[in-house]
Amino acid sequence: ISNIEEIAIIAHQNGALLSVDNTFASPYNQRPIELGADFVVESLTKYINGHGDAMGGAIIGKKEYLDIIRAQAQVNLGGTISPFNAWLIMRGAVTLPLRMQRHNDNALKIARWLEKQPGVSFIAYPGLESHKGHEIAEKQMINGFGGVLSFGLKADHDAHNRFVQNLNIITSAVSLGHDESLIVFLGENDERQYLYPEEFHNGFFRFSVGIEDADDLIEDLRQAFEKTGLA
Ligand SMILES: Cc1ncc(COP(=O)(O)O)c(C=O)c1O
């Protein structure tokens with residue numbers, strides 16, 4: 001969790017512009033321009049479309065800058081969305097607030113449940129009081145803390161893999177912000193481990209909690225803990 005307001009002040013004092021990737025929070029939960037950022041980048045592929053069936057991206061900011069981006073980057077890089085993807089995203093975006101509230105509620109309920117499981121080595125979710133960035137998140141996230149959480153197991157690499165295989169509703173796949181719950185295991189041998197705090201280094205799951213019934217998801221996790229011998 002980054003303190004957007006403070007980073008914007010430091011950036012502007014030093015003649016820099018601040019761009020925030022708001023993909024994990026979504027504009028329903030966090031509005032970086034109101035906190036001082038100059039640009040917001042959103043992966044439309046994630047919460048804004050919300051159904052995992054189209055790819056797109058957006059840059060939001062002052063027209064004077066966006067005109068430059070459109071004239072230079074778009075022409076040189078060719079980032080032009082297909083009409084069908086644009087249509088899907090516009091249709092999906094209508095229900096963003098409804099979906100997002102459900103993602104927020106489900107993720108918080110599941111995070112609180114995971115915190116109590118004996119087989120869990122750590123859980124990271126900004127909505128939990130135990131999260132280092134909780135106070136900042138509470139100040140800058142207006143409606144909730146999003147649908148993505150991370151956790152690890154008191155177990156080795158193979159048990160993490162078996163846990164994922166034992167899930168029935170939650171799908172093992174990369175990406176996030178879909179209606180369906182997705183989980184991905186990043187093992188202790190993953191080359192990006194150095195980006196994460198110490199407790200992540202034994203391997204961890206990134207869990208994008210979907211909009212299914214929260215109790216169905218908890219039941220799926222419960223039976224996976226049991227089958228993996230971690231209940
Ligand atoms: C934080 C964040 N920003 C941007 C992107 C890029 O999204 P896209 O898949 O729409 O190119 C991703 C993709 O995983 C992401 O996680």
Side-chain angles (χ1 to χ4, degrees), residues 1-4 7-8 11 17-33 35 37-61 65-66 69-70 73-74 76-96 99-100 103-104 106-107 124-127 131-133 136-137 140-151 164 170-187 190-197 200 204-211:
I1 299 294
S2 307
N3 190 327
I4 299 170
I7 296 171
L17 296 170
L18 176 67
S19 174
V20 174
D21 185 334
N22 202 42
T23 298
F24 274 57
S26 90
Y28 178 72
N29 285 331
Q30 183 169 273
R31 304 171 72 83
I33 288 177
L35 297 166
D38 301 287
F39 299 102
V40 179
V41 180
E42 301 273 1
S43 165
L44 304 180
T45 313
K46 313 291 176 4
Y47 289 112
I48 293 177
N49 174 52
H51 298 76
D53 51 11
M55 285 185 74
I59 307 174
I60 299 101
Y65 297 124
L66 294 189
I69 293 169
R70 196 174 289 117
Q74 214 170 32
N76 294 336
L77 302 174
T80 306
I81 195 167
S82 82
F84 184 57
N85 273 12
W87 182 84
L88 281 173
I89 291 165
M90 282 173 71
R91 193 163 220 231
V94 174
T95 54
L96 175 68
R99 287 184 285 101
M100 224 42 238
H103 285 293
N104 290 343
N106 277 1
Y125 181 63
H131 192 280
K132 271 208 312 272
I136 298 169
Q140 67 188 22
M141 299 185 84
I142 42 190
N143 285 317
F145 305 94
V148 180
L149 53 87
S150 296
F151 66 101
V164 165
I170 302 159
T171 303
S172 169
V174 187
S175 201
L176 62 112
H178 297 192
D179 49 346
E180 292 174 78
S181 291
L182 304 177
I183 196 163
V184 58
F185 173 45
L186 285 116
D190 190 280
E191 64 191 13
R192 289 162 294 178
Q193 284 296 4
Y194 72 93
L195 294 168
Y196 301 102
F200 288 67
F204 69 96
F205 300 117
R206 185 181 78 184
F207 181 14
S208 172
V209 179
I211 57 173

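Ligands are counted one by one from 1 in listed order, and the atoms in each one are counted from 1 as well.
The contact set between ligand 1 and F24, taken as ligand atoms under 4.0 Å from a residue heavy atom, comprises 1 (C), 16 (O). Close contacts between ligand 1 and T45 involve ligand atoms 8 (P), 9 (O), 10 (O) [criterion: under 4.0 Å to a heavy atom]. Near G56, meaning under 4.0 Å from one of its heavy atoms, ligand 1 places the atoms 10 (O).
For residues 39-48, no pair satisfies salt bridge (charged side-chain N to carboxylate O under 4.0 Å, His left out), with sequence neighbours left out.
Not a single heavy atom of S175 sits under 4.0 Å from any atom of ligand 1.
With a 4.5 Å cut-off on side-chain heavy atoms, I4 and L18 count as touching.
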Would you list the atom pairs, donor with acceptor, under 3.5 Å between side chains in residues 78-90 and any protein atom, with sequence neighbours excluded?
unit_1 : atom_1 : unit_2 : atom_2 : d
S82    : OG     : N85    : N      : 3.1
N85    : ND2    : M55    : O      : 3.2

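Some N or O of K46 is nearer than 3.5 Å to an N or O of ligand 1, by distance alone.
Few gaps surround CZ on R206; more than 12 heavy atoms of other groups in view lie less than 6.0 Å from it.
Between the side chains of N143 and N104, no donor-acceptor pair is found at a separation under 3.5 Å.
Closest protein heavy atom to atom 11 (O) of ligand 1: M55 CE, 4.3 Å. Of all protein heavy atoms, the one closest to atom 3 (N) of ligand 1 is D21 OD2, 2.6 Å.
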